[in-house]
There are 2 protein chains.
Amino acid sequence: MNKKVREKFIMDTLYKKGKISVNQIIEKFNVTSMTARRDIAKLAEEGYLIRTHGGAILADPLENMFSFATRIEANKKHKIDIGRKAAKFVRDNESIYIDSGTTLIRMCPFLKDRKGLTVITNSLPAASELSNYSNIRVTILGGDIIHERRSIYGHTAVEQAKKYSVKKAFIGTDGVSLKNGLTAYGNNESQVSNVMASSANEVFLLCDSSKIEHDSTFKFAELSSIDYLITDSGIDKKILQKYKKNKVNIIIA
Amino acid sequence: MNKKVREKFIMDTLYKKGKISVNQIIEKFNVTSMTARRDIAKLAEEGYLIRTHGGAILADPLENMFSFATRIEANKKHKIDIGRKAAKFVRDNESIYIDSGTTLIRMCPFLKDRKGLTVITNSLPAASELSNYSNIRVTILGGDIIHERRSIYGHTAVEQAKKYSVKKAFIGTDGVSLKNGLTAYGNNESQVSNVMASSANEVFLLCDSSKIEHDSTFKFAELSSIDYLITDSGIDKKILQKYKKNKVNIIIA
DNA sequence: ATCAAAACAAACATTTTCGAACATTAATTT
DNA sequence: AAATTAATGTTCGAAAATGTTTGTTTTGAT
């Protein structure tokens, strides 16, 4: 079971230093280069890192490696994990809704191999990312753009949203708690999420653990309106138990 | 494995300082000048930067936005010229429509200082670019996305377009001729352009000179429906005269 | 306009890393 | 315990990265 330990070491090193070499792995664990390379290959396959000659660097699926300032976003790793997990629920030939939000964007790269997928979204970056994949049909909601979030909202967006019905809706939130359900900073964007969620067969809420048991200003949906809550391993055990007791279908990525 | 790391360093430096020298790379990574130059050459090949003697400077940011397979557009200079010229017709506190198309995108950076501007667009990259400027209200048309063009079309988009009325519409085309007017490859996108143009006080057609007296498949508008044709200095003198005789209001950027 | 220094690039040499194929050794299942 | 599966090791030719040499081009100062 050393494999998992090596993988953890690789990712830890990457998050700390941004890069790792095959030799580092060889020396640390006394394995052959082939094994080290296989580890790296596997993690690359899963989208965690980008291979290089002699090692690997940290992957960032969205900003291709030449991103503007390389500010290391808080919770980026967690968000990628959540995005990957969420993407696993998407099947070929489905139609899904992807909400705006930094966590939701992380789903997109993991959808690129789906066949016959139709995606409806109110997220400008999600639409941009998905429009790279010619096999995915992308529909964007029209309306006004919120600059800070690159998301689309307003009456027009809501009206358009009402016309669609999707199999699965993947939505975000600014906060979620057992007491107040889903809450957001602004009242506007969440209306779109609500409409799309209400027509969906299954609703997935994606939120990193920092938002759990944290309330924002506007309450926009009950906890019961979601079918699955996908979050990261950073969630407090006690809170996790409490949620399970309250029959929230919680998934740890 | 240093290669990717060097590339990242090069691009980071470029984004921070706008330029980089071969010597900086040599000193930082202890490599030969040949290696440093090969790095630069490769990145230039991919369109990320522009080579100079002794180093490189940053390539156009817009290029990077969708650029994965960035073929370096011919006519880029011309398109920028056209975009700059077109932007000069935009006043504070107006509402305008910006069509999809590579020429139209070039307008956006020149609009960043306008006050109280409202922009409606069916172009994904234009919307992305404009959403960087918090002083500009951006409305995007909803609908299906054409991958190759990053533009939005279809029934939904047309219906939404009908609800707006703008002061000035800036539209693009695949071809324009005295005989056939404005023509496009596909029949779909141009419908949106048509609707927005018909409600506008003034219609500007932006097209580089390679498209003039060149016909595409679908005829979507008369030449008389546009008020100004903005093109580049590459236009043939004889054709220019002919257009002027036919009372086309032609502007050379 | 001329010249020297710096920058460049083609061709070739060297070093390093890869990865496919097969062998071996755990770990799991039956 | 035998069979199956997963993980790791070994070998070796191919590919990639980098260095070296050498002659050409560019630049900038005179």
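Below, chains carry the letters A, B, ... as their sequence lines are ordered, and counting in each starts from 1. Source: prediction; values computed, not measured.
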Taking [atom1] from [X] and [atom2] from [N], how many angstroms apart are they, rounded to a whole number?
X: A/Ile26; N: D/dT8; atom1: CD1; atom2: P; answer: 14 Å
X: B/Lys3; N: D/dG19; atom1: NZ; atom2: P; answer: 12 Å
X: A/Asn2; N: C/dT25; atom1: CG; atom2: P; answer: 18 Å

Distances for protein N/O vs nucleotides 1-3 of chain C N/O pairs under 3.5 angstrom?
none

Inset, instruction - Would you mind classifying the nucleic acid contact of B/Thr52 as base, sugar-phosphate or nothing, using non-hydrogen atoms under 4.0 angstrom? - result: sugar-phosphate
Legend entry - Short side-chain N/O contact to C/dA7 OP1/OP2 from B/Asn23, under 4.0 Å: yes
Legend entry - Side-chain N or O of A/His53 closer than 4.0 Å to phosphate OP1/OP2 of C/dT17: no
Legend entry - Identified side-chain contact (heavy atoms from CB on, under 4.5 Å) counterpart of A/Ile98 within the set A/Thr121, A/Val166, A/Ile120, A/Leu206: A/Thr121
Inset, instruction - Identify, with sequence neighbours excluded, every residue that meets side-chain hydrogen bond (donor to acceptor under 3.5 Å, both in side chains) alongside A/Ser209. - result: A/Asp232
Inset, instruction - Can you run down the side chain to side chain donor-acceptor pair (under 3.5 Å) pairs that involve residues 89-101 of chain A, sequence neighbours left out, and say none if there aren't any? - result: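 Matches after skipping sequence neighbours: A/Glu94-A/Lys168, A/Tyr97-A/Asp99, A/Tyr97-A/Asn122, A/Asp99-A/Ser193.
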Legend entry - Carboxylate-amine/guanidinium contact B/Lys42 B/Glu7, below 4.0 Å: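 Between B/Glu7 and B/Lys42 there is a salt bridge, with a charged N closer than 4.0 Å to a carboxylate O.
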Legend entry - Any donor-acceptor N or O pair under 3.5 Å, side chains A/Asn23, A/Ser21: no
Inset, instruction - Report the residues that fulfil salt bridge (Lys or Arg N to Asp or Glu O under 4.0 Å) with B/Arg84, sequence neighbours left out, ordered by chain and then residue number. - result: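 So B/Arg84 forms a salt bridge (Lys or Arg N to Asp or Glu O under 4.0 Å) with B/Asp81.
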Inset, instruction - Work out which heavy atom in B/Ser131 is nearest to a heavy atom in B/Val138; give both atom names and the distance. - result: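 Nearest heavy atoms, B/Ser131 then B/Val138: N-CG2, 4.4 Å.
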Inset, instruction - Could you list all the salt bridge (Lys or Arg N to Asp or Glu O under 4.0 Å) pairs where at least one residue sits in residues 15-41 of chain A, not counting sequence neighbours? - result: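 Only A/Arg6-A/Asp39 qualify under salt bridge (Lys or Arg N to Asp or Glu O under 4.0 Å).
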Legend entry - Contacting residues from residues 32-40 of chain B, given that a heavy atom lies under 4.0 angstrom of DNA chain D: B/Thr32, B/Met34, B/Thr35, B/Arg38
